[in-house]
Amino acid sequence: MKDKNTEAKVALAPNFIREIMKEDLRTNKWGGRVVTRFPPEPNGYPHIGHAKAICIDFGLAAEFGGVCHLRFDDTNPTKEEQEYIDAIKEDVRWLGFNWGEHEYYGSDYFDQMYEWALQLIKDGKAYVDDLKPDQIRAYRGTLTEPGKESPYRNRPVEENLDLFERMKAGEFEDGSRVLRAKIDMASPNLNMRDPVMYRILKAPHPRTGDTWNIYPMYDWAHGLEDSIEKVTHSICTLEFEDHRPLYDWFLDQLDVYHPQQIEFARLNLTYTVMSKRKLLKLVEEGHVGGWGDPRMPTISGMRRRGYPPEAIRNFCERIGVAKRDSMVDVSLLEYFVREELNKHALRYMGVLRPLRVVIDNYPEDTVEELEAINNPEDPAAGTRKVPFSKVIYIEREDFREDPPRKFYRLAPGREVRLRYAYFVTCVDVVKDEKTGEITELHCTYDPATRGGDSPDGRKVKSTLHWVSAAHAMNAEVRLYDRLFTTPDPNEVEQGQDFMANLNPNSLEVLNACKIEPSLVGAKPGTRFQFERQGYLCVDPDSTHDKPVFNRTVTLRDTWAKIEKAQGGS
RNA sequence: UGGGGCGUCGUCAAGUGGUAAGACACGGGACUUUGGAUCCCGCAUUCGGAGGUUCGAAUCCUCCCGCCCCAGCCA
């Protein structure tokens, strides 16, 4: 399940949940068991924030020899879809976790929940309320004022039983009645002011069809699901902290198995948004190509972008688990992506923005097969042959007619190395007479430097990647930038929302890329490096004639930094 | 202004009375047939603030300040 090589480097830092589990094991609180659960509502695609939760739920359980249940919290048929269930399962699996037999659905427990509701009614701890939604809201009071008790609060048990049964039978309209817990309308915790347990929803459920006309609310359902599954540690995010008294109350009243709820702070990442509602908006309004768009912080988006699952796991371990709100710098995620890809991605040469170069003194009809290393970090990856000939392409940005300070690449009269090939010197620059655009370079090569070493010990300041024009394959490369222009997209001027910070240039498509022939036939999902450019991943849009690559992340770019510090150009 | 949480480097985050780990980012250097990788070095006299307890406090006490969450028949 886990790659020891990569996982080992990320030390397991202590975190408070890990400590709680250790302590519970030490005191034998749960009889030596550790059972967690990842309980997504299938109403959207999982994102990197869910990845954090998945790593905590599955990771901690595995670490302590326990199990983690994958449980779909499907209590609201108006929002949930099978498509999302499938996506969640695929993503959890892809991240490297395994729930074994433990695939559960909250809806599978609807009968048991109903029985328990009956029990609470009989005990005088729940009642059917005829108040309408807006009345319930009004009766709830405010943050500083207590609520008022509903006039229906003290209905006789028999009447409650009768009404509740008829709610179930579909006799009443949506919104006309609810079942409420009878707790305390004056509680300073609003969640305890007679929370709704069931609402009438005459909606077909993906799994239970039309057998139910009432559906349980989260607070009622969740603890029961945990209890039924004999969960030990019910881990959730901070906003549920206020719900814990209610979680505990239901289980105590029912006198059933009672897990411990533990809350941690959800993940926030710079330059992105992390709520399903906001991500849905991006999808629905067409700002991205879908939930799996490579710019999305969704797990499916990151997969298509080329992020390795190990990188995401390492990231989740490194950011830790705590209770304080935080905003993690996306560069930390990118660091783990690069780290992983550097170790495993095979290297190729590809020119994104080609500039034609003619090597004047190279024989016309000769083609040499030069040996190139596939991955300097992994000798076992071996070598390959790359064709070289008189006309090649280099990167436009690797030539400057008037090189700025510290620009080591090609310039008129300057000698550089072509990786794995020869030293070449630029002898002429050809321009378009009308536009002044550089259309072609002429160079001479030094035959003694074959392979890239000079026998006379002559040094050269830089090495360029290249592709033989006659052998190059055309490709499309999609470059991605952050989806938002500001570290915290939610920070906006009065009257605006996060959409105001959308980056209009988050996608750039390059259509005339030239790549070395070794890449022919690479399967979608294949991750590799274009030397000196970055890591790429074969996109499913690829066709036989034209591969499409997503740039996962650039290499660290020292020159870009220097150039920026020099004031650009 | 009711209740629940949280405040340690630019960003995450250890630390639980014994004198501030680590990572990313950033800056500098070495090395280099990827300006990649790798390797060195630097980077909180101080833990939201003020008092107090103590030989000793980020850790205990008091007060104050700031930030987040809660008034869905969403989860």
Side-chain angles (χ1 to χ4, degrees), chain A residues 10-11 13-15 19 39-41 43 73 75-76 78-80 129 131-133 136-138 140-147 174-180 187-193 196-201 214-215 217-219 221-222 236-245 263 265 270 276-277 315 318-336 338-339 342-343 347 349 372-373 376-377 406-409 417-421 423 449 451-454 460-465 487 529-534 554-562:
Chain A
V10 177
N15 70 56
E19 296 312 306
E41 180 190 18
N43 67 344
D73 216 346
T75 57
N76 186 350
T78 65
K79 292 189 176 175
E80 297 149 9
D129 195 350
L131 254 28
K132 300 299 170 282
I136 288 187
R137 193 179 319 121
R140 187 152 31 225
T142 69
L143 294 178
T144 52
E145 303 161 79
D174 285 14
S176 61
R177 269 175 251 259
V178 291
L179 182 73
R180 290 231 251 174
S187 172
N189 180 347
L190 299 250
N191 297 121
M192 300 298 275
R193 320 244 261 228
V196 173
M197 294 164 61
Y198 279 96
R199 76 285 214 181
I200 299 171
L201 236 40
I214 55 172
Y215 290 93
M217 298 289 290
Y218 169 87
D219 285 309
H222 204 88
C236 61
T237 44
L238 245 34
E239 67 270 26
F240 293 105
E241 210 153 18
D242 284 336
H243 296 245
R244 193 171 64 226
E263 310 85 9
T270 53
K276 281 194 268 190
R277 201 205 97 232
F315 168 76
R318 172 56 76 199
I319 56 175
V321 182
K323 297 193 71 160
R324 63 182 90 100
D325 294 315
S326 63
M327 172 84 77
V328 178
D329 195 327
V330 71
S331 67
L332 182 62
L333 212 208
E334 291 171 346
Y335 165 81
F336 284 108
R338 289 193 182 100
E339 182 192 58
N342 176 50
K343 281 184 291 196
R347 275 112 267 205
M349 289 196 284
I373 294 165
E377 302 299 313
K406 291 195 175 171
F407 181 88
Y408 301 148
R409 282 110 96 145
R417 172 168 40 233
L418 294 177
R419 176 140 241 228
Y420 301 126
F423 283 13
T449 58
D453 275 313
S454 154
V460 99
K461 292 278 263 188
S462 82
T463 301
L464 308 188
H465 60 277
Q529 182 193 104
F530 270 157
E531 294 215 21
R532 303 208 309 128
Q533 288 289 343
T554 61
L555 253 29
R556 249 193 217 95
D557 192 345
T558 308
W559 165 242
K561 241 182 242 177
I562 295 169

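Values in this document were obtained by computation on a predicted structure and should not be read as measured data. We name chains A, B, ... by the order of the sequence lines, and we start the count at 1 in each one.
A salt bridge links A:E263 to A:R244: at least one charged side-chain nitrogen sits closer than 4.0 Å to a carboxylate oxygen.
Nucleic acid contact for A:F407: base, since at least one base atom lies under 4.0 Å from a heavy atom of the residue. Heavy atoms of A:K406 sit under 4.0 angstrom from at least one base atom. Counting any heavy atom pair closer than 4.0 Å across all strands shown, A:R347 reaches a base atom. Within the 4.0 angstrom heavy-atom criterion, no nucleotide atom of any strand lies near A:E145. In this structure, A:E377 reaches the bases: a heavy-atom distance under 4.0 Å links it to at least one base atom across the strands shown. A:V321 comes within 4.0 angstrom of sugar-phosphate atoms only, judged by non-hydrogen atoms across all strands, and of no base. Within the nucleic acid shown, A:R409 comes within 4.0 Å of at least one base atom, counting heavy atoms only.
When the salt bridge (charged side-chain N to carboxylate O under 4.0 Å, His left out) test is applied to A:E80, no partner is found at least two apart in sequence or on another chain. For A:E239, the salt bridge (charged side-chain N to carboxylate O under 4.0 Å, His left out) criterion is met by A:R266, not counting sequence neighbours. A:D219 pairs by the side-chain hydrogen bond (donor to acceptor under 3.5 Å, both in side chains) definition with A:H243, not counting sequence neighbours. The salt bridge (charged side-chain N to carboxylate O under 4.0 Å, His left out) search around A:R140 returns none, not counting sequence neighbours. Every residue meeting the side chain to side chain contact (heavy atoms under 4.5 Å, CB included) condition with A:E145, not counting sequence neighbours, appears here in chain and number order: A:T142. Under the ring pair (Phe, Tyr, Trp, His ring centres under 6.0 Å) criterion, A:H222 pairs with A:Y218, sequence neighbours left out. Remark: A:Y420 engages A:A372, A:I373, A:E531 in a side chain to side chain contact (heavy atoms under 4.5 Å, CB included) (not counting sequence neighbours). With sequence neighbours excluded, no residue forms a salt bridge (charged side-chain N to carboxylate O under 4.0 Å, His left out) with A:R417. When the side chain to side chain contact (heavy atoms under 4.5 Å, CB included) test is applied to A:L332, the partners found at least two apart in sequence or on another chain are A:F315, A:R318, A:I319, A:V328, A:F336.
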Between the protein and nucleotides 19-22 of chain B, are there any N/O to N/O pairs under 3.5 Å, and if so, what are the atom names and distances?
none

I'd like a table of atom pairs between the protein and nucleotides 8-10 of chain B - only N or O on both sides, under 3.5 Å - with the distance next to each one.
residue: B:U8; atom: O4; partner: A:R324; partner atom: NH2; Å: 3.3

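Look at B:G35: its glycosidic torsion is beyond 90° from 0, and that puts it in the anti range.
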Given protein heavy atoms under 4.0 Å, the one-letter contact record of nucleotides 70-75 of chain B, with B base, S sugar-phosphate only and - none, is simply BBSBSB
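Ranking B:C26, B:C24, B:G36 by closeness to the A:K561 side chain, first place goes to B:C26.
Within the structure, a side-chain polar atom (N or O) of A:T558 is placed less than 4.0 Å from OP1 or OP2 of B:G36.
The distance from the CD atom of A:E377 to the CZ atom of A:R347 is 6.0 Å, given to the nearest 0.5 Å.
In terms of position on RNA chain B, the residue among A:G452 and A:L555 whose nearest nucleotide sits closer to the 5' end is A:G452.
Comparing B:G3 with B:C12, their C1' atoms are spaced 29 Å from each other, to the whole Å.
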